[in-house]
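Written out below as structure tokens is the structure these notes cover.
So you know, we letter chains A, B, ... as the sequences are listed, proteins then strands, and number each from 1. All values below come from the heavy atoms of this structure, side chains included, with hydrogens, waters and symmetry mates left out.
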Amino acid sequence: MSDPILSVRDLTVVYRTRRGIVRAVDHVSYDIAKGEVYGLAGESGSGKSTVALALLGLIQPPGEVVSGEIYVDGRDVRKMTEDELRRFRWASVAMVFQGAMNAFNPVMKIGEQLADAMTAHSSISNEEALKHGRELLTRVGIDEEFAGRYPHELSGGMRQRAVIAMSLVLNPKLLVADEPTTSLDVIAQDEVIKMLKSFQRDLDLSVLYITHDLAVLAKIADRIGVMYAGQIVEEGGLNQLMEKPSHPYTSALMDAMPSLFGSLRELKGIPGSPPDPDAYPSGCRFHPRCRFAMEKCRSDEPSPVVVEERHYAACFLLESQGSKGQEKQ
Amino acid sequence: MLLTGTFVAALLIDFTLPRLMPGNPVQTEVTNLIAAGFTLSPEAIKGMYALYGYNPNLPIYVQFYDYIVQLLHGNLGVSYIFFPQSVSYLIAQRLPWTIFLVSIAVAVSWIPGTFIGMFAAGKRNAKFDSIFTPLLNFISSIPNFWLGFLFLIFFAADLKIFPLFGAYSNTVTPGANLAFILSVLHHAILPILSLAIVAMGGYVIHMRNTMVGVMGDDFVLVARAKGLSNRRIVRTYAGANALLPNITMLAISMGAVFGGNILVETIFTYPGIGYLSAVAVSGEDYSLILGIFLIFTIAILVANLMADLLYAWLDPRVSLI
Amino acid sequence: MVGSPWSHEVLKAQGVNVVFRMRSSAPKGDHLASVARESFYVKALRNVDFQVLEGESVSLVGGSGSGKSTLAKVFLGFLRPKEGSVAYLGNDIYRLKGRRMREFRINVQPIFQDPYNSLNPARKISHSVQLGLFLHEMSKEQKEERVARTLEMVGLTPVDLFLDKYPHQLSGGQRQRAAIARAFIGQPKVIIADEPVSMLDASVRADILNLILKMKQSKNTTFLYITHDLATARYLTERMAVMEQGEIVELGKTEDIIESPAHEYTMRLMNAVPDIWHHGSRAPDRPVVPPRFGVDSDGEKDETSGYVDLGNGHYVKRG
């Protein structure tokens, strides 16, 4: 594997609340290679959005990154000064936020919001920046006339595309897309995914695509990490994961997904609901909902085990299968 | 729509109130005059009815029509205390002073108050909040007449830095000359401060709280992710949006400022509408009271209208229709 | 587009038109000019004919702005159409009065997308669920007993624990279970569910879909499902109407439509559905459609064209 554009090691983020310390992200490690789309799937409260904010050094009190390293292109985000961080944001890692409705300042014209990201990072003149912004809007299929409009004057789909255009103004190396298609219907969602995919290919972008919907990742991701209760419980290539889901949570998630093609399968839900981050179960955090839970799962935390090359899962079942079980470094 | 409705309601109250009072206003005044030792002939009483334009024998809608017609002619009746001066003359004479006082007080409290609130929220820290917020709450709940008293006693009576009463000293000639302008400003400073300091506390708290809310919005997070400077985020992103509710707050506070102004003008014997209304109330000058009531209503409505226009101008999502 | 003659039409819309008045967007930067703003009209439903037959499960499928939710509101009696008639068991919904109105309210029950909004946050679950019996003439004890039984059916057990909970104390899935209990408790003839699972986590969604299936089957409830997700529509319903821009563009048995979609829009919807079971090498032969990448649809449609009968109750709008 070539040098990864992003390398996260043992990242732990806590939120200090009145009810105690919440470990939103707990010892998470992952790499994203150049030009790769890494999909991070997780349900509500799994900590997936916190992972994204940590990348940009945007965790704010009461949240705090307590341990770990985040290397973007070889530089540790956690060691940057406030000013270095400000210059690093958007230029190296840009973000497509969830809820395009609220990603724009409602009292500022779209074009200006694209332009000010450029003027904040280089000595480009405002006119140049506005012009470049209009070009990018055109590239995402929005008439440049809309640069002079306010956010509320754009449709939901247009706004989402404008958000994508805004993320590209500084040619970032890594794009973080956090639920970019929630609240869009399937057709608009498909358009946004195709658009991200085409930009990713054309600009050789690396993408961290965060979603609650594992199925969406089948359309865009090269590698997938499945998050549950603040931890990555399984990671592997798209086909590895789809063909050989190895963590009970991943396979249960797949069993819960309806299919449009082929024979009609009965859906099986996962009993219970995702745990609150302030009350994770002991041992393996999935054990109360797991069909295969053993005594050991209640007390001990499983570590990632190699399933096959570059495919890991954190489950005691894999260890007990013996032969292949060996810990991921 | 709402403005028109409020205005009509004010007119109706103005019209109905004196007619609900026991007896009728003219009768009351006749009684007062007789009690004061005047002797009034029946012609004089008839003349008074004519002067007040009040004829209880006409049907109520005709009375209302007459009332409106008189209003449109700017006729608000005749003052009892300042007889024979008309109410509209008295108001026209005093109004500029009050507008001067109130608008400057609002300007010097709202504009800095908004900025202080904006930056207080931008630089949030616990120590600052724990001292600043209670202090502001304390300031904003001081009655402004009390503050006026303190100023008067301390700065005017004891230290003699500022004059005790009036809008300008009688040694200057009113007109466009420097001596007069300086004298006016000198006389206005204490009343303005009594109004402004109290109002500013409220504006700061409101702006700060709105800012804290807006700073949590998604677009502020996006702005931060974009690597914009903190200054730009606070001003152009959070500030511009938090400003809008503070404009509404400004309009709402106008009533309180006008109310406070009555007492402040009275304390400083300032020749504005507020002082006039205090005189009118203590002298039971109904025509004057009602005229002033109408002017207050109009003033507050105009202030609200201006706030709405300002809002529509600043917020692209709001259109005037 | 007629249902089988021997089937009983529970809900029937005929020539329904719904128009919304919208305000045009403002000219840039010039706020005072907005005084002269024009308003324009959007046809949310255009001449829609649609029947829901007794005991069947049918879905209205389409993207946002297709009119599917508007049609649901029309059937629920929330939105009187500008033109056309809407009938429940042969009687115009918008002319119902007295006892018949009550019957309609009892028998046609909604389930909404966001249970957090449809449950009163200040009242206990027992109260909200019992609201489903608001129009029923029953003693207090009978109602309480029915609430307990229904909570048990929807899996909010132990019942005693959930009776006294408030909505904010429940998870998203549990709230939707409570909303389902409220809808089914009065044993309605028809349930109209508008995106009931789209806000739920994937792991929870399947159980709620299964619960809806179980509930409607055990009571033989007629079921109208509104969604943009063809895969869940396939799971829940045997008949399907695909809507685009206020019109039904394709109608038929769910399996027929998925096997051989006939309208371009249906194909586009199908292509857009993410399917974890069929991707990459396992991808099925998805229908081929001309790409429409990045285009906001507002093309005019030929108003005069009718439908082509493909047999077996499968109709497609002539393009």
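Residue contact with chain A, scored on non-hydrogen atoms closer than 4.5 Å, involves the side chain of C:I258 exclusively. For a residue to count as touching a neighbouring chain, one of its non-hydrogen atoms must lie under 4.5 Å from one of that chain's; by this rule C:T232 touches chain A with backbone and side chain alike. At a 4.5 Å heavy-atom cutoff, the contact between C:L269 and chain A is made by backbone and side-chain atoms alike. Looking at A:L184, the atoms closer than 4.5 Å to chain C (heavy atoms on both sides) all sit in the backbone: N, CA, C or O. Contacts between A:D276 and chain C at a heavy-atom distance below 4.5 Å are absent for every atom of the residue. Using a 4.5 Å cut-off between heavy atoms, A:L253 contacts chain C through its side chain alone, with no backbone atom that close. Both the backbone and the side chain of A:E43 come within less than 4.5 Å of a heavy atom in chain C. Heavy atoms closer than 4.5 Å to chain C are found in both the backbone and the side chain of A:R265.
Residue A:D185 is tested with C:S64, C:S66, C:S198 for a side chain to side chain contact (heavy atoms under 4.5 Å, CB included); the sole match is C:S64.
A pairwise comparison of heavy atoms in A:P258 and C:D275 identifies O-OD1, 4.4 Å as the closest pair. Shown here for C:A272 and A:K219, the closest heavy-atom pair between the two residues is O-NZ, 3.3 Å. Closest approach of A:L267 to C:A206, counting heavy atoms only: CB-CB, 3.9 Å.
For chain C, the option among A:V216, A:L214, A:L264 with the highest count of heavy-atom pairs below 4.5 Å is A:L264. Among A:S44, A:A41, A:P271, A:S273, the residue with the largest count of heavy-atom pairs under 4.5 Å with chain C is A:S44. With chain A as the partner, the residue from C:G63, C:G173, C:G172, C:G62 showing the most heavy-atom pairs under 4.5 Å is C:G63.
The main-chain N or O of C:D201 is never found under 3.5 Å from a side-chain atom of A:H212 such that the two would form a donor-acceptor pair.
Residue A:E266 holds its CD atom at 9.0 Å from CG of C:L213, rounded to the nearest 0.5 Å. In this structure, OG on C:S203 lies 9.0 Å from CE on A:M257, to the nearest 0.5 angstrom.
Annotation: side-chain hydrogen bond (donor to acceptor under 3.5 Å, both in side chains) contacts of C:D207 (sequence neighbours excluded): none.
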